[in-house]
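These figures come from a predicted structure and were not determined experimentally.
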Amino acid sequence: MAEVLVFVDHVDGAVRKPTLELLTLARRIGEPVAVALGAGAADTAATLAEHGAARVLTHDAAEYADYLVVPKVDALQAAHEAVSPAAVLVPSSAEGKEIAARLALRIGSGIITDAVDLEASDEGPVATQSVFAASFTTKSRIAKGTPVITVKPNSAAVEAAPAAGAVEALAVSFSEKATGTKITGRTPRESTGRPELTEAAIVVSGGRGVGGAENFAIVEALADSLGAAVGASRAAVDAGWYPHSSQVGQTGKSVSPQLYIASGISGAIQHRAGMQTSKTIVAINKDAEAPIFDLVDYGVVGDLFDVVPQLTEEVKARKG
């Protein structure tokens with residue numbers, strides 16, 4: 001069976017959920033070989049093996065923490081040369097897309113970004129994408145070289161599939177450009193206790209209808225009752241009611257959760273582009289003609305200040 005490289009996104013050995021999803025997809029098209037880099041790389045092996053990695057290639061060096069992107073590209077290129085895989089899968093984060101693009105250029109291959117599904121074919125992996133603000137679904141495959149594919153979070157359910165997970169040291173020689181851009185400082189992100197927006201299974205978002213920064217508390221309360229992440233429309237972010245890091249939309253983050261709840265969001269195409277692939281969409285808006293209702297699975301026509309608190313209390317009651 002052909003091998004498939006999976007780039008591991010981890011923090012000091014703790015593997016993030018999008019990587020486990022990649023392993024699930026990789027098993028559809030071949031035998032997963034994980035590539036874990038940096039501090040704690042070897043500590044990822046048990047988790048990766050539990051989810052299907054036949055081998056885990058590891059390498060640790062200060063360059064991965066001290067410099068941007070290029071050292072990881074060097075390492076992934078070395079893994080590609082060592083394995084000759086049928087495909088390379090990378091999480092569809094901002095960093096992941098840059099790594100994938102640089103790798104594809106180096107190895108003379110095509111690239112597909114933001115895939116939402118993968119399937120095998122005689123001509124190579126076929127990737128499914130949602131394009132043009134999720135108005136169309138396309139199926140594509142790379143015609144030249146080794147396919148390099150980035151996959152959106154929440155595109156596949158995480159499935160355990162125990163494998164050998166044999167740890168092997170990866171030989172890496174850094175290029176001259178590896179030390180071109182040095183990281184001079186870091187500011188830890190303030191923890192909200194909520195899931196990462198792009199990885200969350202449930203997202204509750206607020207828009208212009210929330211009416212002000214102080215009113216986002218009711219959106220947060222619903223999110224916390226559901227164990228969800230909090231998002232915001234561009235209108236709410238531009239008004240200064242919520243940070244840009246939580247913006248969902250074409251110029252913000254793209255999410256694809258199991259459940260998306262839009263509160264006071266009209267449904268402009270810019271916002272729809274960032275959440276239209278959500279599995280189930282619920283909208284709460286007092287304007288029955290709001291465009292968002294053309295998209296939803298369930299719609300509530302009503303004042304969010306009445307509906308959202310009642311929904312929060314009902315969720316708490318059922319959980320309690």
Side-chain angles (χ1 to χ4, degrees), residues 1-93 95-96 98-100 102-109 111 118 120 124-125 145-151 156 158-175 177-179:
M1 181 181 292
E3 294 182 309
V4 178
L5 283 184
V6 174
F7 181 73
V8 177
D9 184 6
H10 72 97
V11 180
D12 296 328
V15 181
R16 298 182 67 178
K17 181 170 170 279
T19 296
L20 304 182
E21 295 169 6
L22 287 188
L23 289 171
T24 298
L25 292 171
R27 294 198 305 272
R28 298 179 186 175
I29 58 176
E31 185 176 64
V33 175
V35 181
L37 308 173
D43 297 333
T44 64
T47 300
L48 297 171
E50 181 183 346
H51 292 85
R55 293 194 287 155
V56 180
L57 309 183
T58 66
H59 187 259
D60 187 12
E63 282 82 356
Y64 298 124
D66 293 343
Y67 298 91
L68 289 177
V69 180
V70 178
K72 296 178 181 178
V73 179
D74 289 340
L76 205 50
Q77 182 179 8
H80 176 268
E81 293 171 355
V83 174
S84 298
V88 181
L89 306 185
V90 182
S92 226
S93 61
E95 181 184 69
E98 183 172 359
I99 291 171
R102 287 173 178 263
L103 176 67
L105 183 63
R106 287 193 187 188
I107 65 177
S109 296
I111 181 173
L118 288 177
T146 303
V148 180
I149 304 170
T150 74
V151 180
V158 174
E159 299 174 1
V167 178
E168 302 176 18
L170 177 65
V172 179
S173 296
F174 293 119
S175 62
K177 295 181 179 179
T179 55

Item to check | Stepwise side-chain contact (heavy atoms from CB on, under 4.5 Å) check, His51 with Thr24 | outcome: CA-CA 7 Å; His51 292 85; Thr24 298; 5.9 Å; no
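- Rounding to the nearest 0.5 Å places CD of Glu98 at 8.0 Å from CG of Leu68.
- Looking at Thr19 and Asp9, their side chains never bring a donor and an acceptor atom within 3.5 Å of each other.
- Of the candidates Leu22, Thr150, Val151, Leu22 is the only one forming a side-chain contact (heavy atoms from CB on, under 4.5 Å) with Pro91.
- Here the closest heavy-atom approach between residue Arg27 and residue Pro32 is recorded as CG-CG, 3.6 Å.
- Put simply, the side chain of Thr179 does not reach to within 4.5 Å of the side chain of Val70, judged on heavy atoms.
- The shortest heavy-atom contact between Pro147 and Ala86 is CD-O, 3.1 Å.
- Between the OG1 atom in Thr58 and the CG atom in Leu170 there is a gap of 7.5 Å [rounded to 0.5 Å].
- By the 4.5 Å heavy-atom criterion applied to side chains, Leu89 and Val148 are not counted as neighbours.
- With values rounded to the nearest 0.5 angstrom, Ile29 atom CD1 is found 8.0 Å from Leu25 atom CG.
- The two residues Ala34 and Ala53 come nearest to each other via the heavy atoms CB-CB, 4.2 Å.
- Residues Arg106 and Asp74 are in side-chain contact: their nearest non-hydrogen atoms beyond the backbone lie under 4.5 Å apart.
- For His80 and Thr146, the side-chain atoms include at least one donor-acceptor pair closer than 3.5 Å.
- Annotation: side chain of Lys72 is not in contact with side chain of Glu63 (no heavy-atom distance under 4.5 Å).
- Taking the side chain as every heavy atom from C-beta outward, Glu31 and Val4 never approach each other to under 4.5 Å.
- Residues Leu76 and Ile99 have side chains in contact (heavy-atom distance under 4.5 Å, counting atoms from C-beta outward).
- In terms of modelled atom types and a separation under 3.5 Å, the side chain of Asp12 and the main chain of Gly40 share no donor-acceptor contact.
- Val35 is not listed as a side-chain neighbour of Val8, based on a closest heavy-atom distance of 4.5 Å or more.
- A salt bridge between Arg55 and Glu3 is present, with a side-chain N of the basic residue lying under 4.0 Å from a carboxylate O of the acidic one.
- Of the inter-residue distances, the one linking Leu57 atom CG with Leu37 atom CG reads 9.0 Å to the nearest 0.5 angstrom.
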Next on the checklist: Checking Leu118 against Ile149 for the side-chain contact (heavy atoms from CB on, under 4.5 Å) test, could you report, in this order, the C-alpha distance in whole Å, the side-chain angles of both residues, the deciding distance, and whether it holds?
Outcome noted: CA-CA 9 Å; Leu118 288 177; Ile149 304 170; 3.8 Å; yes
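- In this structure, the side chains of Thr44 and Val56 come closer than 4.5 Å at one or more pairs of heavy atoms.
- Here the straight-line distance linking atom CD of Glu159 with atom CD of Glu50 works out to 13.0 Å at 0.5 Å rounding.
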